[in-house]
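Just so we're clear, the structure is a prediction, and the values are computed from it rather than from any experiment. Note: hydrogens, waters and symmetry copies are ignored here, and every other heavy atom, side chains too, is used.
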Amino acid sequence: MTTLTLATRWNPIDWPLTEGPIPHAVLAAGWLALFALAVGRRRTWWRVRLPAALFTAAALSLLLEAVVDGWWHPFPEGTPEYVTWWIAVALLGFCLVGYRFGRLTWRRRGIALGLSGLVLLMAASEVNIGFGQFPSGRVMLAPWLTKTDGLVPKADQTVAAPPDKVLDEVWQPPADLPDKGTVSVVPIPGLRSGFKARDAYVYLPPAYQATPRPLLPVVVMLTGQPGQPGDWVLSGQINEVLDAFAAKHGGLAPIVVMPDHNGSTWGNSLCMDSKIAKTQTYLASDVPYWIHQNLQTATGRQSWAIGGASMGGTCALQLGVNAPDVYGTVLDMSGQEEPTLGTREQTVKAAFGGDGKKFDAVDPVQVMGRKKFTDTNVALLVGATDDEFKPQMEKIYRAVQGAGMKAKFELMPGGHGWVVFRPGIVQQIPWLAQQTGLTR
């Protein structure tokens with residue numbers, strides 16, 4: 001449940017959009033608007049125009065589903081059923097307007113369009129509730145409200161934890177330590193991979209701004225598909241989560257780098273080195289190289305973690321088993337059992353020209369069946385009602401156990417989306433800090 005503080009209770013952009021009175025009011029208004037559009041006085045409306053509107057909306061919904069899931073195929077697992085349903089409801093609202101538009105006065109046309117707008121708003125609200133993308137107006141406006149900073153310059157003095165201690169046991173925060181970390185947007189070039197990445201987001205905790213500077217662990221976080229590198233800041237509010245963690249640990253928190261791994265919002269690189277792109281090289285070589293060149297951090301695989309959600313979780317596990325010398329800890333939130341473009345046949349054909357052996361060489365389940373990773377830590381997390389991804393994550397859990405990893409499996413309330421990922425990262429930041437040597 002969202003708890004409003006006294007400061008946010010009176011600010012409309014902080015009012016919750018996924019629970020409470022606002023989504024309930026939108027739902028009620030939307031159904032009333034749809035009912036108003038569906039009723040008419042004339043017999044021809046009930047006998048001809050209303051059935052035609054229903055038929056047209058159904059036909060358009062089926063056509064859209066065929067185009068999206070059959071031809072375009074932006075979601076490997078297909079469009080969620082609840083999304084398809086609410087799209088159909090929105091289309092019905094517009095079809096009802098269309099079949100009565102010519103008989104209305106201009107004033108009534110404006111009213112009809114307004115009613116269809118309420119139906120559309122209802123559909124969008126219900127999809128948002130299911131996915132949890134925008135829990136408040138502030139998160140929706142985050143691309144315009146979020147302040148970004150330049151990278152903090154390197155310090156002359158640093159503090160590292162000795163082999164028998166963790167960093168917060170030797171760190172003494174200065175009196176003038178800032179309350180919050182910084183968020184920067186930076187290019188990370190694909191020098192070795194040739195991968196054309198969008199700009200990355202970088203979170204540097206308050207302690208990074210101190211002198212001497214503690215050598216902090218690094219967590220690379222990946223978003224889902226469709227998505228953008230900034231989703232962990234804009235929708236996940238990970239910077240606020242890390243600031244809250246730092247406030248309890250003398251300004252210490254992991255450095256979090258959020259690079260691009262798909263190249264575009266709707267792209268799917270599979271996080272492999274294939275005919276599509278050399279994304280594994282980008283994440284295992286180019287990104288660490290940029291971090292070492294531009295940031296002062298702890299070194300060694302035991303201080304580096306990689307995590308992500310949905311396709312980003314799949315990608316994180318791939319890097320954990322295919323680049324174990326770089327990343328010693330993996331956080332897989334609601335990932336797939338294997339990287340996919342829809343079917344294995346489609347994936348193998350697009351990525352490796354139909355050569356299944358090349359795919360099996362990097363498919364994480366296949367790799368874990370051949371090798372042991374006894375010094376790798378893995379956290380698996382999925383929504384308890386996520387019927388699509390929960391069975392896949394259970395299969396992954398069995399595979400990581402078989403590979404000897406130090407693994408845990410946790411269920412979160414909810415389905416698939418930020419409704420799980422956002423509280424999930426709150427829950428897992430302390431675990432990541434422990435695994436990477438920041439806290440005991």
Over 12 non-hydrogen atoms of neighbours within 6.0 angstrom of CD in Glu345:
no
Steps toward side-chain contact (heavy atoms from CB on, under 4.5 Å) verdict (Gln318, Val362):
CA-CA 7 Å; Gln318 288 175 242; Val362 291; 5.9 Å; no
Counting only heavy atoms not in Asp325, do more than 12 fall under 6.0 Å of its CG?
yes
Examine distances only and state if a side-chain atom of Tyr282 and a backbone atom of Asp273 form a donor-acceptor pair shorter than 3.5 Å.
no
Between Tyr201 and Thr148, is any side-chain donor less than 3.5 angstrom from a side-chain acceptor?
no
Tell me, which pairs form a salt bridge (charged side-chain N to carboxylate O under 4.0 Å, His left out) where one or both residues lie in residues 258-270, sequence neighbours left out?
Arg198-Asp260
Does the Ser125 side chain pair with the main chain of Met122, one donor and one acceptor, at a distance under 3.5 Å?
no
Residues Ser136, Asp14; criterion side-chain hydrogen bond (donor to acceptor under 3.5 Å, both in side chains); working and verdict:
CA-CA 5 Å; Ser136 68; Asp14 290 310; 4.9 Å; no
Would you say the side chain of Leu115 lies within less than 4.5 Å of the side chain of Leu96, judging by non-hydrogen atoms?
no
Tell me whether the count of non-hydrogen atoms from other residues, nucleotides or ligands lying under 6.0 Å of CZ in Arg107 goes above 12.
no
Gln228 vs Thr265, side-chain hydrogen bond (donor to acceptor under 3.5 Å, both in side chains): CA-CA, chis, key distance, verdict:
CA-CA 6 Å; Gln228 57 179 319; Thr265 298; over 6 Å; no
Decide yes or no on side-chain contact (heavy atoms from CB on, under 4.5 Å) for Gln293 and Trp290, but give the supporting numbers first.
CA-CA 5 Å; Gln293 291 296 114; Trp290 181 91; 5.8 Å; no
Please assess Ile238 against Met221 for the test side-chain contact (heavy atoms from CB on, under 4.5 Å), listing each intermediate value before the final yes or no.
CA-CA 10 Å; Ile238 195 171; Met221 286 297 294; 4.2 Å; yes
Residues, nucleotides or ligands: over 12 heavy atoms within 6.0 Å of Phe101 CZ:
yes
Main chain of His261, side chain of Ser269: is a donor-acceptor contact present, judged purely on distance under 3.5 Å?
yes
Measure from the side-chain N and O atoms of Trp31 to the backbone N and O of Val119, and report whether any donor-acceptor pair falls under 3.5 Å.
no
No-hydrogen, no-angle side-chain donor-acceptor test under 3.5 Å, Thr439 and Gln434
no
Per-pair distances, 0.1 Å, donor-acceptor, side chain in residues 382-399, under 3.5 Å, sequence neighbours excluded:
unit_1: Thr385; atom_1: OG1; unit_2: Gly414; atom_2: O; d: 2.7
unit_1: Thr385; atom_1: OG1; unit_2: Gly415; atom_2: N; d: 3.4
unit_1: Asp386; atom_1: OD1; unit_2: Glu388; atom_2: N; d: 3.3
unit_1: Asp386; atom_1: OD1; unit_2: Phe389; atom_2: N; d: 3.0
unit_1: Asp386; atom_1: OD2; unit_2: His416; atom_2: ND1; d: 2.9
unit_1: Gln392; atom_1: OE1; unit_2: Glu337; atom_2: N; d: 3.0
unit_1: Gln392; atom_1: NE2; unit_2: Glu388; atom_2: O; d: 2.9
unit_1: Lys395; atom_1: NZ; unit_2: Glu337; atom_2: OE2; d: 2.9
unit_1: Tyr397; atom_1: OH; unit_2: Gln401; atom_2: NE2; d: 3.2

Would you tell me whether Gln366 and Lys371 have side-chain atoms, one donor and one acceptor, within less than 3.5 Å of each other?
no
Taking Asp363 first and then Arg344, would you say they form a salt bridge - that is, a charged N and a carboxylate O separated by under 4.0 Å?
yes
Please assess Val326 against Arg301 for the test side-chain contact (heavy atoms from CB on, under 4.5 Å), listing each intermediate value before the final yes or no.
CA-CA 5 Å; Val326 180; Arg301 67 181 300 277; over 6 Å; no
Determine yes or no for a side-chain-to-main-chain donor-acceptor pair under 3.5 angstrom, with Asn128 supplying the side chain and Ala124 the backbone.
no
Has Lys349 got more than 12 heavy atoms of other residues, nucleotides or ligands less than 6.0 Å from its NZ?
no
Verify the distance criterion only: is there a donor paired with an acceptor across the side chains of Asp69 and Thr79 at less than 3.5 Å?
yes
Judged by modelled atom types alone, do Thr223 and Asp231 share a side-chain donor-acceptor pair under 3.5 Å?
yes
Flag the pair Tyr82 / Trp85 as yes when their ring centroid distance falls below 6.0 Å, and as no otherwise.
no
Ring centres under 6.0 angstrom apart (Trp304, His292):
yes
Checking the side chain of Lys406 only, and the main-chain atoms of Val378 only, is there a donor and an acceptor separated by less than 3.5 Å?
no
In terms of the angle between their ring planes, are Trp232 and Trp418 parallel, tilted or perpendicular, with boundaries placed at 30° and 60°?
perpendicular
Could you check whether Asp149 pairs with Lys147 (Lys NZ or Arg NE/NH1/NH2 to Asp/Glu carboxylate O, under 4.0 Å)?
yes
Intermediate values then yes/no, side-chain hydrogen bond (donor to acceptor under 3.5 Å, both in side chains), Glu81 and Thr84
CA-CA 5 Å; Glu81 290 184 3; Thr84 302; over 6 Å; no
